[in-house]
Every structure is written in C-alpha cells, then in structure tokens.
Amino acid sequence: MEFSLAEGELIRLEGGREGLVLRCMTGTLWLTKGDGVDYLIHPSRPASLAKNEAALVEALEQSELILGEPKSTGNLARPVIGLAGC
C-alpha cells in the first residue's frame, strides 16, 4: 500500500499476523513502537514491526511511504490494510 503523509500527520500501524515493513520513499518519518526508542526513518532505510506490534508514525515533512508484509527475503509482499487514524 502506497500513500502520502503531510507534515505533522500521524498514523497508527499494527504488525498484524505476519509483521509489517515500512519503507519511506521521500521525506522523513518519526516512529515509536513502545520499546523506549524513537526511530527516524529516511528513504532507503526500511523499518519493521513484529507480529502484533503497534507503532505511531509521524511525518516530519511531506513523505511518501509503502507498507507491506515481510517476505523471507526482506522485500515487500502483498499490501496490508492495518492503518488506523490517530
């Protein structure tokens, strides 16, 4: 699933049954997933959520991103729908 976030826009993500891979294509994202660490996600640096793990993502600037379920190769597989507005 591909989509855009405007600067300051927040989304909640869930890893679901298989986990989730987030790829930032443009812009910069801030991600926190409850492990006490905040992550800055830049283009070409994917982030992942484990099975059933939840996270908040904020766009620090206009950003384009892709979400998908992980494959054993670490690439994106089929799109996921586990988004919820904050």
Is there a side-chain contact (heavy atoms from CB on, under 4.5 Å) between Ser4 and Gln62 once you walk through the steps?
CA-CA 7 Å; Ser4 299; Gln62 177 70 34; 3.7 Å; yes

Gap separating the CD atom of Glu18 from the CG atom of Leu49, nearest 0.5 angstrom
13.5 Å

Would you mind reporting whether Val37 and Thr32 have side-chain heavy atoms less than 4.5 Å apart?
no

In Å and rounded to the nearest 0.5 Å, what is the CG to CG distance from Leu40 to Leu31?
9.5 Å

Verify the distance criterion only: is there a donor paired with an acceptor across the side chains of Thr28 and Glu61 at less than 3.5 Å?
yes

Looking at CE of Met25 and OG of Ser63, how far apart are the two atoms once the value is rounded to the nearest 0.5 Å?
12.0 Å

From Leu29 atom CG to Cys24 atom SG, the distance as rounded to the nearest 0.5 Å:
4.0 Å

Walk me through it: do Leu10 and Leu5 pass the test side-chain contact (heavy atoms from CB on, under 4.5 Å)?
CA-CA 8 Å; Leu10 286 169; Leu5 292 177; over 6 Å; no

Go through the steps for Ile66 and Phe3 under the test side-chain contact (heavy atoms from CB on, under 4.5 Å), then give the verdict.
CA-CA 7 Å; Ile66 299 174; Phe3 62 100; over 6 Å; no

Below 3.5 Å, can you tabulate the donor-acceptor pairs from side chains in residues 51-59 to any protein atom, sequence neighbours excluded?
from  : atom 1 : to    : atom 2 : distance (Å)
Glu53 : OE1    : Ala50 : N      : 2.8

Grab the two heavy atoms, one from Gly27 and one from Pro43, that are nearest each other, plus how far apart they are.
O-CD, 3.2 Å

Is the backbone of Ser48 close enough, under 3.5 Å, to the side chain of Lys33 for a donor and an acceptor to pair up by distance?
yes

Please tell me if the side chains of Trp30 and Asp38 come closer than 4.5 Å, counting only heavy atoms from C-beta onward.
yes

When every non-hydrogen atom of Arg23 is compared with those of Pro46, the smallest separation belongs to NH1-CG, 3.5 Å

State, with a plain yes or no, whether a side-chain heavy atom of Leu67 is found less than 4.5 Å away from one of Leu13.
yes

Shortest non-hydrogen contact from Glu7 toward Leu60
CG-O, 3.6 Å

